[in-house]
**Q** 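Below: one structure in C-alpha cells.
All values below come from the heavy atoms of this structure, side chains included, with hydrogens, waters and symmetry mates left out.
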Amino acid sequence: MFTLPAGAAGSRIVGLGHHQPAKVMTNDDVARFVETNDEWIRSRTGIVTRHVAADDVTVADLATAAAEHALADAGVASDDVDLIVVATATADDRSPNTAGRVAYALRTGVQPGASTPEGEEEPDLRDVVGPGVIDVNTACSGFAYAVGLADQAIRTGTARTAVVIGSEKLTAVTDWTDRSTCILTADGAGAVVLQAADQPAVGPVVWGSEPEITPAVRIEAPAGRFAQDGRAVFKWAITRAADRARRVVDAAGIGLDEIEVLVAHQANLRIIEPLAKSLGLEDRVVVTDITESGNTSAASIPLGMSKWWHDGRLPAGAPALLFGFGGGFTWAGQVVLTPTAR
C-alpha cells in the first residue's frame with residue numbers, strides 16, 4: 001500500500017577528514033595534575049601525546065572542521081549532502097543536536113546563533129531544505145553505529161550522500177584528579193563521506209551490547225565525569241572482543257585473511273595489539289593513532305583512519321575492519337573498502 005524508495009546496491013567511502021585542536025598535551029603535562037610520569041603512562045597505555053580543545057571550542061566545531069575536510073577530500077559540495085550523522089557522547093547541548101549544528105555551519109560558516117562574519121551578508125535559508133540530522137550516542141562504538149545507520153539509509157533510498165562524523169571533547173568531562181582516566185582522554189573529530197554505489201563497499205554493520213558490564217564505562221549525572229572500571233574493560237577486550245570482531249568479518253562474507261587494515265577503537269595500545277594478534281592481523285596495517293591522539297571515544301576510529309589515509313599509510317581499495325567498543329557497554333563494526341584513489 002505504500003510506495004517505498006528504491007535504494008542503491010550499497011555505499012562507499014569517497015572522502016575522509018579529521019580535525020584536532022592545536023594544543024598538544026604531553027605525559028609530562030599530565031603529571032602536573034596527578035602523580036604519574038611519562039614512562040608509567042607509555043607502558044600502560046601507549047599514549048605519548050593527546051590534543052586538548054580550548055574552552056570555547058565545541059564538539060560541533062570539531063565535527064564541522066572534520067566534515068569540511070572530508071567533503072573537500074571527496075570533492076563533494078555541502079549542498080549535495082542529504083544526511084549527517086554524528087556520533088558523540090560529549091555533546092554540549094540537548095537541542096539543537098550536534099548534527100543539526102554541523103548542517104547549519106556547513107551552509108553558513110558559523111554555528112547557530114553566532115554572528116555572521118563582518119563583511120558577509122546574513123544567509124537566507126527560508127527556502128533551503130537541509131539534510132537529515134541524527135546524533136548517535138553509544139560512546140566509543142558510536143562511529144561504527146553511525147556508519148551502519150547511514151549505509152542503511154543509502155541502501156533503502158532515503159539518502160544518497162551522507163557525512164558520518166565522530167566528534168568528542170572528552171577533556172571537558174575529565175576528572176583531572178583521577179589518574180586512571182585523565183591519562184587517557186583527548187579531543188578531536190574524524191569524518192567520512194558515504195555515497196550511493198552500484199557495488200557495495202561498506203559491509204553490514206554488526207552491533208551488540210554486553211549487559212553484565214553495562215556500567216563499566218560511564219559519564220553519569222550529577223557529576224558528569226568520565227569514569228570506568230578499567231579491569232572489566234580490559235578483561236572483556238582480551239577475552240571477548242576478538243569473537244565479536246570475527247562476527248563482523250563473517251557478516252561481510254569474507255575471511256580474516258582478506259582483511260588488510262584493522263582500525264579498532266583507540267582505547268589502549270595494550271588492547272589494540274592483542275586484538276590484532278588474536279585475529280591473526282598483527283602483520284597487516286594496524287592503526288595505532290592512540291600514541292599521538294590518546295583516547296577520543298567515538299572520534300578515534302575515523303580520526304585515526306583519516307590521519308593514516310592522508311599520510312599515505314593505508315592502501316587504496318583495501319578491506320578494512322572497523323571495530324568499536326566502550327560505554328554502555330556497546331560494540332559494533334563493519335568491513336569497508338578504503339577509497340580507491342587518494
Side-chain angles (χ1 to χ4, degrees), residues 7-16 70 73-74 140-141 143-152 154-155 162 164 166 190-208 237-267 269 271-290 300-325 330-342:
S11 68
R12 62 190 178 105
I13 296 175
V14 296
L16 297 99
D73 184 49
C140 308
S141 65
F143 181 75
Y145 271 81
V147 169
L149 293 175
D151 172 63
Q152 290 171 4
I154 289 172
R155 287 191 285 111
V164 185
V192 299
V193 178
L194 291 184
Q195 282 194 326
D198 294 333
Q199 295 292 328
V202 174
V205 65
V206 179
W207 48 33
I238 296 301
T239 61
R240 300 186 189 177
D243 170 74
R244 303 329 187 230
R246 289 190 187 97
R247 299 184 189 193
V248 175
V249 177
D250 288 344
I254 65 175
L256 276 165
D257 59 324
E258 297 176 79
I259 298 295
E260 296 183 36
V261 179
L262 172 63
V263 193
H265 166 49
Q266 305 292 292
L269 196 61
I271 290 175
I272 298 168
E273 291 179 340
L275 175 61
K277 187 173 182 179
S278 295
L279 295 172
L281 301 177
E282 68 270 28
D283 60 345
R284 317 296 167 81
V285 178
V286 179
V287 173
T288 54
D289 183 53
I290 183 148
S300 76
I301 290 176
L303 175 62
M305 188 176 180
S306 177
K307 287 176 65 178
W308 280 42
W309 170 255
H310 289 286
D311 284 346
R313 301 170 72 180
L314 299 185
L321 170 57
L322 313 185
F323 185 69
F325 53 89
T330 62
W331 54 269
Q334 56 269 113
V335 177
V336 305
L337 296 183
T338 58
T340 55
R342 211 171 301 281

**Q** Is the backbone N or O of Val285 less than 3.5 Å from a side-chain atom of Glu260, with the two atoms forming a donor-acceptor pair by type?
**A** no
**Q** Take Ile13 and Thr338, measure what side-chain contact (heavy atoms from CB on, under 4.5 Å) needs, and give me the verdict at the end.
**A** CA-CA 7 Å; Ile13 296 175; Thr338 58; over 6 Å; no
**Q** So do Met305 and Leu16 actually touch side chain to side chain, heavy atoms under 4.5 Å?
**A** yes
**Q** Could you tell me whether a side-chain N or O of Arg284 sits under 3.5 Å from a main-chain N or O of Leu262, the two making a donor and an acceptor?
**A** no
**Q** Between the side chains of Lys307 and Asp311, is the shortest nitrogen-to-carboxylate-oxygen separation below 4.0 Å, so that they form an ion pair?
**A** no
**Q** Would a 4.5 Å heavy-atom cut-off, applied to side chains only, mark Ile301 and Phe323 as touching?
**A** no
**Q** Any heavy-atom pair between the side chains of Val261 and Pro319 that's under 4.5 Å?
**A** no
**Q** Among all residues two or more places apart in sequence or in another chain, which pass the ring pair (Phe, Tyr, Trp, His ring centres under 6.0 Å) test with Trp308?
**A** none
**Q** I want to check something: taking the side chain as every heavy atom from C-beta on, are Val192 and Val336 in contact at a cut-off of under 4.5 Å?
**A** no
**Q** Tell me, do Val164 and Phe143 make a side-chain contact under 4.5 Å, heavy atoms counted?
**A** yes
**Q** Check for a donor-acceptor pair, side chain of Gln152 on one end and backbone N or O of Leu149 on the other, with a separation under 3.5 Å.
**A** no
**Q** Counting heavy atoms not belonging to Asp257, are there more than 12 under 6.0 Å from its CG?
**A** yes
**Q** Are Leu321 and Leu279 close enough, and set up right, to give a side-chain contact (heavy atoms from CB on, under 4.5 Å), and what steps lead you there?
**A** CA-CA 11 Å; Leu321 170 57; Leu279 295 172; 4.1 Å; yes
**Q** For a 4.5 angstrom cut-off between non-hydrogen side-chain atoms, does Arg12 reach Leu337?
**A** no
**Q** Hey, does Val205 have a side-chain heavy atom less than 4.5 Å from the side chain of Val147?
**A** no
**Q** State which residues pass salt bridge (Lys or Arg N to Asp or Glu O under 4.0 Å) with Arg244; sequence neighbours excluded, sorted by chain then number.
**A** Glu210
**Q** Does Val193 form a side-chain contact (heavy atoms from CB on, under 4.5 Å) with Asp73? I'd like the steps, not just the answer.
**A** CA-CA 9 Å; Val193 178; Asp73 184 49; over 6 Å; no
**Q** Determine, stepwise, if the pair Gln266 / Ile272 fulfils side-chain contact (heavy atoms from CB on, under 4.5 Å).
**A** CA-CA 7 Å; Gln266 305 292 292; Ile272 298 168; 3.6 Å; yes
**Q** Report the residues that fulfil salt bridge (Lys or Arg N to Asp or Glu O under 4.0 Å) with Asp243, sequence neighbours left out, ordered by chain and then residue number.
**A** Arg247
